[in-house]
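Notes follow once the structure below has been shown.
Only a predicted model underlies this, so the values are computations on that prediction, with no experimental measurement involved. Values below: every heavy atom of this structure, side chains too, minus hydrogens, waters and symmetry copies.
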Amino acid sequence: MAKVIFSADGLSFSIGTQQLLDNTGMTVHEGERIALVGRNGTGKSTFLRMITGKEMISDGKIIYAKDLRINFLKQDFSLDESRSVYENIHDGLEYFIDLLHKYETLPLNSTAHSELEQEINKHNAWNPEQRMKEIMTRLNTPEPDRKCDTLSGGEKRRVALARTVVSEPDLLLLDEPTNHLDTETINWIEDYLAAYRGTCVFITHDRYFLDRVATRVVELDNGKLYSYEGSYGAFLEGKAEREYREDAQDTKRRKFLRSEIDWVSRSPKARLRRNLGRLKRFDEASAQSNVQRVAAIDLVIPEASRLGNKVVELKNVSLEFDGISYIPNFNFEFEAKCKIGIVGRNGTGKTSLLKIITGQLSPTSGIAEIAPTVEFNYIDQGRLKLNPECTVIEEIGEGTDFVNLGGERIGIWSYLKRFLFEDERIKTQIKYLSGGEKARLILAKILKQGGNFLILDEPTNDLDLSSLRLLEEALAQYKGCVIVVSHDRYFLNRVCNGIIAFEGDAKVEYSLGDYDYYLEKRKERDKKITKTSSRKNNPPPAPVPQKTKKLSYKEQRELDSMEDHVMELESEIKKVETIFADPDFFTKHSDKSTELNSKLTELKEQLEKSYARWEELENKLI
């Protein structure tokens, strides 16, 4: 059995009338990587703060392993913005620097000197500065001498993450570590944590990240912690089984109460000594609470007004800033019902492209033609900021009492209840909301604007897993156009039928299909580029003249039919890809997704073999 890192038992904690933790606990062993999940506002971040000792516990206790080192990347982390990137990250090396200083000052033959040497060897910390440089490179942090007050939100998160992981703590606590990070950085964090020698507890809404990293999923639900071994799929299955058992037990309890209540209230025999046990069972059953189930968001996107045949067309659009090219002669036509994901590293031009599409920014060259029927609903990251002094209803109402959802007119109060805001929270100032509640409020603010062309810039940040699934389903059924800028690969696969990828060095590529299909096509492109480069650098030797060979009758027949066969395979591949590109794919074909993927893979393999055979037959004629 692995060493226990910490054990929490009998934890209780409440804020006002809300019970976040209700006599619950968990045990964490060395080497575990635990994903902490649950609906927004249930107390996940509070629980992490309790583990660090920065949040008071109303009741219960947490017991830690001896000399346990804990580092915590908070969702609302802070940096010393008056200092540089280098200085902020260097703070994370304090533990190793102290170790080396003690090691150098202690007598060589002392026990403490030997123990320190073992600790330094364990972390390979003889050169902490070099270690820091490696992590900064892998996380693509900004230039070391840049002041932190000049950084974007994503750049600051990289710096904070580097500072958190650089000293390899025994227990690493991460609250939404992938927010505002690009896919390449997220992949690095996944690899880093998968090989991490310490223990990690993290909160995330990124389901691919969860699947790749977590060895166990712990859910916080109605004040209780429930543990599930394995991945996200195992968690969903285990949660469904748990709730089924709870519901069955609750039904049995209520049935018992109904059968006993008449006897208890009317029969004088109920008071006899021999019936006291039966009466006690009734009292215990009636004292139990009903099973609590948190309601789901009633997420309704207002119906899109009709779009014409033409929506938005980009013609030879280029964009340059300070002599640097970001978008090079890009052509694209948005059609009704298209759902396009935009991906790429931060700072490559994604937001600028959105502003060109909506007419807020003029390209350096080329034009963006916007049809008169288009009604944009675009709230960029700057406008997503909420006024912390306003109450929830003031922020959404903006001076009105009603919201128009398509043809439906509903009161602000009723609208907010659809996003799980109770009466008390509706009157609460935004500065007192949890991160998850703020995310739901932003979503409510975006969707009430209507429009027939939705542009969502990082919509998945801070949303819980249940809300994400509802948003995915709503967007899949939406009849207007959608653009999603996101690094959430699972979300992109569920929603998008096309990907615009900013691949760096002023390279922008469009791929039909979901994100996984884009990655597959990119790998094929990269492989071809590598082969071409290899041929240029290593030209093949001059061919030795040979006598002309003849094909057999059977081979000649095969060669004659090869072109038609290849065209037929390409046509079949195009048909399957068209099915994947259908905006209603998940509604119509979700049950056939695996079968269609297998068919597409098989067809591509056949096509590759056919091309190879075609080349082989033609070479015989040389």
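- Between V28 and M26 the shortest heavy-atom distance is CG2-CE, 3.6 Å.
- Between K44 and D175 no salt bridge is recorded (no basic side-chain N to carboxylate O distance below 4.0 Å).
- In the model, W188 has no side-chain atom that pairs as donor or acceptor with a side-chain atom of N140 under 3.5 Å.
- T348 and R345 share no side-chain donor-acceptor pair at under 3.5 Å.
- A salt bridge links E243 and K239; the closest N-O separation between the charged side-chain nitrogens and carboxylate oxygens is under 4.0 Å.
- A donor-acceptor pair is defined here as one N or O able to donate and one able to accept, closer than 3.5 Å; no such pair exists between the side chain of R216 and the backbone of I34.
- Ion pair E168/R69 not flagged as a salt bridge, since none of the NZ, NE, NH1 or NH2 atoms sits closer than 4.0 Å to an Asp/Glu carboxylate oxygen.
- Ion pair E520/K523 not flagged as a salt bridge, since none of the NZ, NE, NH1 or NH2 atoms sits closer than 4.0 Å to an Asp/Glu carboxylate oxygen.
- Relative ring orientation between Y515 and Y518 is described as tilted, the plane-to-plane angle lying within the 30° to 60° band.
- Checking each of D488, N187, N493 against Y208 for a side chain to side chain donor-acceptor pair (under 3.5 Å) leaves exactly one that passes, namely N493.
- With hydrogens and angles ignored, the 3.5 Å screen pairs a side-chain donor or acceptor of Q19 with a backbone N or O of L21.
- Using modelled atom types and a 3.5 Å distance limit, the side chains of R489 and T183 yield no donor-acceptor pair.
- The local environment of NZ in K427 is sparse, with at most 12 non-hydrogen atoms from other residues, nucleotides or ligands closer than 6.0 Å.
- A salt bridge is defined here as a Lys NZ or Arg NE, NH1 or NH2 lying under 4.0 Å from an Asp or Glu carboxylate O, and E472 with R207 meets this definition.
- Contact annotation: the side chain of L468 approaches that of F491 to within less than 4.5 Å [non-hydrogen atoms, C-beta and beyond].
- For NZ of K431, the number of neighbouring non-hydrogen atoms (other residues, nucleotides, ligands) closer than 6.0 Å is greater than 12.
- Heavy atoms of other residues, nucleotides or ligands lying less than 6.0 angstrom from CD of E94 number 12 at most.
- Side chain of R131 to main chain of H123: a donor-acceptor pair is present (N/O by atom type, distance under 3.5 Å, no hydrogens or angles).
- No donor-acceptor pair under 3.5 Å is formed between the side chain of T178 and the backbone N or O of I186.
- If you check the side chains of N71 and S167, you find a donor sitting under 3.5 Å from an acceptor.
- Neither side chain, D80 nor N88, offers a donor N or O lying under 3.5 Å from an acceptor on the other.
- In this structure, the side chains of E395 and K445 come closer than 4.5 Å at one or more pairs of heavy atoms.
- Within 6.0 Å of atom CZ in R138, 12 or fewer heavy atoms from other residues, nucleotides or ligands are found, so the atom counts as exposed in its surroundings.
- Between R39 and D221, none of the side-chain N atoms (NZ, or NE/NH1/NH2) sits under 4.0 Å from a carboxylate O, so this pair counts as no salt bridge.
- Checked by atom type, the side-chain pair R242/Y228 shows a donor-acceptor distance below 3.5 Å.
- Using a 4.0 Å cut-off between charged nitrogen and carboxylate oxygen, K350 and D457 do not count as a salt-bridge pair.
- Side-chain atoms of E237 and Y232 form no donor-acceptor pair, as typed in the model, at a separation below 3.5 Å.
- Between the side chains of T27 and S7, at least one donor N or O lies within less than 3.5 Å of an accepting N or O.
- Annotation: side chain of R146 is not in contact with side chain of S84 (no heavy-atom distance under 4.5 Å).
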